[in-house]
Structures are given as C-alpha cells and as structure tokens.
> 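Quick one: the structure is below, and I'll ask about it shortly.
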Amino acid sequence: MDRYLTFALGKGRLANKTMELFEKIGITCEEMKDKNSRKLIFVNEELKLRFFLAKGPDVPTYVEYGAADIGVVGKDTIMEENRNVYEVLDLGYGKCRMCVCGPESARKLLEHHERIRVASKYPVIAKDYFANKKHQTIDIIKLNGSVELGPLVELSDVIVDIVETGSTLRENGLEVLEEVCPLSARMIVNPVSMQMETARIKDLVERIKTVL
Ligand code: PRP
C-alpha cells in the first residue's frame, strides 16, 4: 500500500479553509475538528494521509526538508521564506495584497526616492521591492505584528504589510501608497515528493481544481 502523504497547514483561518476545501473532494479528518484538542498530528488511515498544523512561516521549512510532502500557506510567507519548494496551485482564498502603506504625507518620500525607514514583518519582500523594483535605498526595521504602529509612533516613514479589507489602515489614518503584489493561499510541494509521488499529487491537484 501507499506510504503516507503528509500535509503541513499554516495554523488559523487558512487551515480551516483548507480542510473545508479538502472535504469537498472527500478528504476528511474528523479528529482535526475538535477545537479543544492540543494534538498536533492528525491521520486519515483509509486515505493514507497525515496532517499537521504549524506556524505559517515554518510551513515552507517542513516542505523543503521533506518533513511534509505538501504545504498550504500564504504567498507572502512563500516569498519571505524563499525555500526550495514547488508552488503548484493558487487556492484562491486568503486573498489580500502586500502594500506599501503610510500617511498621505509619505507619498512624496516615495516619489523622490528618499532614503526612508520601512517597518515590516516581511523584511525580505520589502528589501526586494525597494531594491529591485524601485531602485530606492531604505532602512528596514523588522517588526513582528501590529506593524501599522510604525508610522504612528514615528518608528518608520512607511510600512510594507498585508492589506485585506483596509480597515486597519483606515482606522489609523494610514493609506495604501503602492501595491507590491497580490496574495492568496498556495499549495507547495517538496521537489523529491513531486518526483516520487507524481501520480498521487497530480491527482490531488486536479481534484482540487474541480472544486475551486
Ligand atoms: C494583518 C495585517 C494587517 C491587517 C490587515 O494583521 O498585518 O495588520 O491584518 O487587515 P485589514 O486590511 O482587513 O484591516 P494580523 O491581524 O494578521 O495581525 P498582526 O498585526 O499581528 O500581524
């Protein structure tokens, strides 16, 4: 019989959406639905599948090393982590945008290519955008959350962050100044798994495509 295919799912909203999607193609994992459980790994014995939840930024790591064959994680994390994995499918949910945001007054700093301070949870994406797309020298300040505080307390001139509904920006007097790229949930695959389990993985991808 087949070996287990292992999935690493980014914890939280994305994981729930992913399990909903899998259910539509008959892949269920009942024990994963118990909200009170502290269990980390869930198994579907009939289908020979294993699932585990991980912090988003760790998902590409598990997949690169082959600890998981397949991962589901945001495009933001894939770009930031830069791991050796194949991105095989855009799942279409978790849609949002990576943007340069700040007060309206910061717009001229961007236009004049001034040396600015950029706060972000995504230093790799921010550096890449300003260096390669804008040819602008910046100072990066790495934050771990509530990045919108940066310009409010004058830690930074602008931020590079995820914008979904835009309400966090609106409620804090900030706006989108430039769009870096669109984001959504993606499926990634370990390159060796792709070779060894081509048929199973391709079949899974095709079945998911029919319900997207
Ligand atoms: C994300 C993101 C923004 C916010 C955008 O933060 O970093 O702060 O959501 O959503 P909106 O456009 O719908 O307001 P998250 O809630 O993940 O927490 P964090 O600030 O700790 O990163």
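Just so you know, ligand 1 is whichever comes first in the structure, and atom 1 is the first atom listed for that ligand. All values below come from the heavy atoms of this structure, side chains included, with hydrogens, waters and symmetry mates left out.
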> Surrounding NZ of Lys133 (heavy atoms of other residues, nucleotides or ligands, distance under 6.0 Å), is the total greater than 12?
no
> Does a donor on one side chain and an acceptor on the other come within less than 3.5 Å for Asn190 and Ser193?
yes
> Looking at Gln136 and Phe130, would you say the former's side chain and the latter's main chain have a donor-acceptor pair under 3.5 Å?
no
> Who are the ring pair (Phe, Tyr, Trp, His ring centres under 6.0 Å) partners of Phe42, not counting sequence neighbours?
none
> Classify the side-chain pair Tyr129/Glu178 by whether it contains a donor and acceptor separated by less than 3.5 Å.
yes
> Quick one, list the residues around ligand 1 where some non-hydrogen atom comes in under 4.0 Å, by chain and residue number.
Lys121, Gly145, Ser146, Glu148, Asp161, Ile162, Val163, Glu164, Thr165, Gly166, Ser167, Thr168
> Do the charged groups of Glu111 and Lys108 touch, with an N to O distance under 4.0 Å?
no
